[in-house]
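In this text, all values refer to a predicted model and were calculated from it rather than measured experimentally.
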Amino acid sequence: MVAARREERLLALQAELPGIEIFVADTASLSSMQQLAAETRSRLGSIDILIFATGTNTPDRALNRLTPPIWDRMIQVNLNGAYYITQALLPEIREARSGHLIYIASVSGLTPDASGAAYQASKRGMLALAHAIRYEEKQHGIRTCVICPGLVDTEILDHRPIKPSREILAKALRPEDVAEVVLSVARLHPRAVVPELHLEPTLL
């Protein structure tokens with residue numbers, strides 16, 4: 001099951017990969033995440049793995065421009081959404097005594113940088129959420145991994161006050177680099193877990 005906000009992107013992906021199921025959902029909405037979980041069970045049966053790869057930022061990231069509505073939106077999308085979908089899935093995977101929850105965070109969740117207080121708080125919160133789940137639920141066979149990439153050339157860079165130069169982007173990670181790491185982690189035997197993984201571009 002692949003879920004996202006933009007239906008046209010989902011339909012294009014389904015045309016490229018006809019075997020997948022798609023569902024239009026907004027990570028910032030509790031009811032949407034609950035519907036996504038229910039729809040996935042209905043179409044595909046039991047859920048074994050979650051890959052949470054959702055995030056946004058804002059050009060108004062500096063504290064002299066960051067307002068409460070911007071803060072709320074950043075936390076809602078980047079952190080609350082991770083909790084909403086996790087909360088919707090936990091009862092089922094706890095009962096099955098098996099589940100792997102993989103979250104894409106950021107190096108901004110590890111080290112202070114210029115990404116802004118709201119973005120850093122949301123990504124650090126995701127790390128805390130994942131580690132708490134692993135600590136509390138490991139006896140139920142539930143594993144978590146937080147992948148923290150450095151600069152990745154994606155649309156989120158359009159939300160920076162100044163987009164990185166073409167020269168910098170040429171050295172950045174690509175989405176497929178992160179995807180390869182996700183697949184490697186997902187293929188681990190259930191006896192093994194990678195709690196946290198830091199991925200950086202070689203030349204930056």
Side-chain angles (χ1 to χ4, degrees), residues 1-6 23-37 40 47 49-63 65-94 99-138 142-152 154-161 175 178-179 181-182 185 193-199:
M1 174 68 80
V2 180
R5 290 180 299 110
R6 291 173 287 193
F23 187 78
V24 178
D26 183 355
T27 186
S29 165
L30 172 60
S31 62
S32 186
M33 291 297 94
Q34 292 172 333
Q35 291 167 10
L36 170 60
T40 302
I47 298 170
I49 188 167
L50 164 71
I51 300 167
F52 185 85
T54 299
T56 191
N57 206 339
T58 173
D60 298 314
R61 59 183 60 182
L63 286 170
R65 297 180 63 184
L66 182 65
T67 62
I70 295 172
W71 171 275
D72 290 344
R73 177 64 180 169
M74 295 288 294
I75 299 299
Q76 191 73 9
V77 172
N78 292 354
L79 179 56
N80 290 357
Y83 169 72
Y84 292 159
I85 189 60
T86 300
Q87 190 268 345
L89 298 180
L90 268 178
E92 175 184 350
I93 60 178
R94 186 185 291 127
H100 202 170
L101 310 176
I102 301 174
Y103 304 89
I104 311 300
S106 169
V107 294
S108 299
L110 303 172
T111 306
D113 60 20
S115 61
Y119 187 80
Q120 290 178 67
S122 66
K123 295 303 183 179
R124 289 188 184 217
M126 189 184 295
L127 280 142
L129 172 67
H131 291 327
I133 294 165
R134 185 174 56 86
Y135 181 82
E136 294 182 23
E137 300 288 345
K138 59 186 175 183
I142 296 173
R143 297 175 292 161
T144 65
C145 175
V146 188
I147 297 173
C148 299
L151 183 66
V152 184
T154 68
E155 291 177 12
I156 198 172
L157 299 181
D158 295 335
H159 296 286
R160 288 191 173 191
V178 181
V181 172
V182 170
V185 170
V193 63
V194 177
E196 190 176 303
L197 193 151
H198 183 181
L199 179 67

Shortest non-hydrogen contact between [X] and [Y], atoms and distance:
X	Y	result
M33	I85	O-CD1, 3.6 Å
G125	L79	C-CD1, 3.4 Å
Y84	S29	CD1-C, 4.0 Å
R61	S115	NH1-CA, 3.5 Å
A37	I47	O-CD1, 3.9 Å
I75	A118	CD1-O, 4.0 Å

Pair Q76-D72, side chain to side chain donor-acceptor pair (under 3.5 Å): steps then yes or no:
CA-CA 6 Å; Q76 191 73 9; D72 290 344; over 6 Å; no
Are side-chain heavy atoms of [X] and [Y] found at a separation under 4.5 Å?
X	Y	result
H159	T58	no
M1	L36	yes
K138	V193	no
N57	R160	no
Y83	L129	yes
I142	I133	yes
C148	L127	yes

Any donor-acceptor pair under 3.5 Å from N78 side chain to T56 backbone:
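Yes: the side chain of N78 pairs with the backbone of T56.
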Taking atom CZ as the centre, does R5 end up with more than 12 heavy-atom neighbours from other residues, nucleotides or ligands that are less than 6.0 angstrom away?
no
Among all residues two or more places apart in sequence or in another chain, which pass the salt bridge (Lys or Arg N to Asp or Glu O under 4.0 Å) test with E92?
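R41.
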Under 3.5 Å, side-chain donor or acceptor atoms of residues 99-107 against the rest of the protein: list the pairs with distances, not counting sequence neighbours.
| residue | atom | partner | partner atom | Å |
| --- | --- | --- | --- | --- |
| H100 | ND1 | R143 | NH2 | 3.3 |
| Y103 | OH | T86 | OG1 | 2.7 |
| S106 | OG | S108 | N | 3.0 |
| S106 | OG | S108 | OG | 3.3 |

Distance, nearest 0.5 Å, that separates [atom1] of [X] from [atom2] of [Y]:
X	Y	atom1	atom2	answer
L30	Q35	CG	CD	9.5 Å
T144	E137	OG1	CD	10.5 Å
M74	N80	CE	CG	12.0 Å

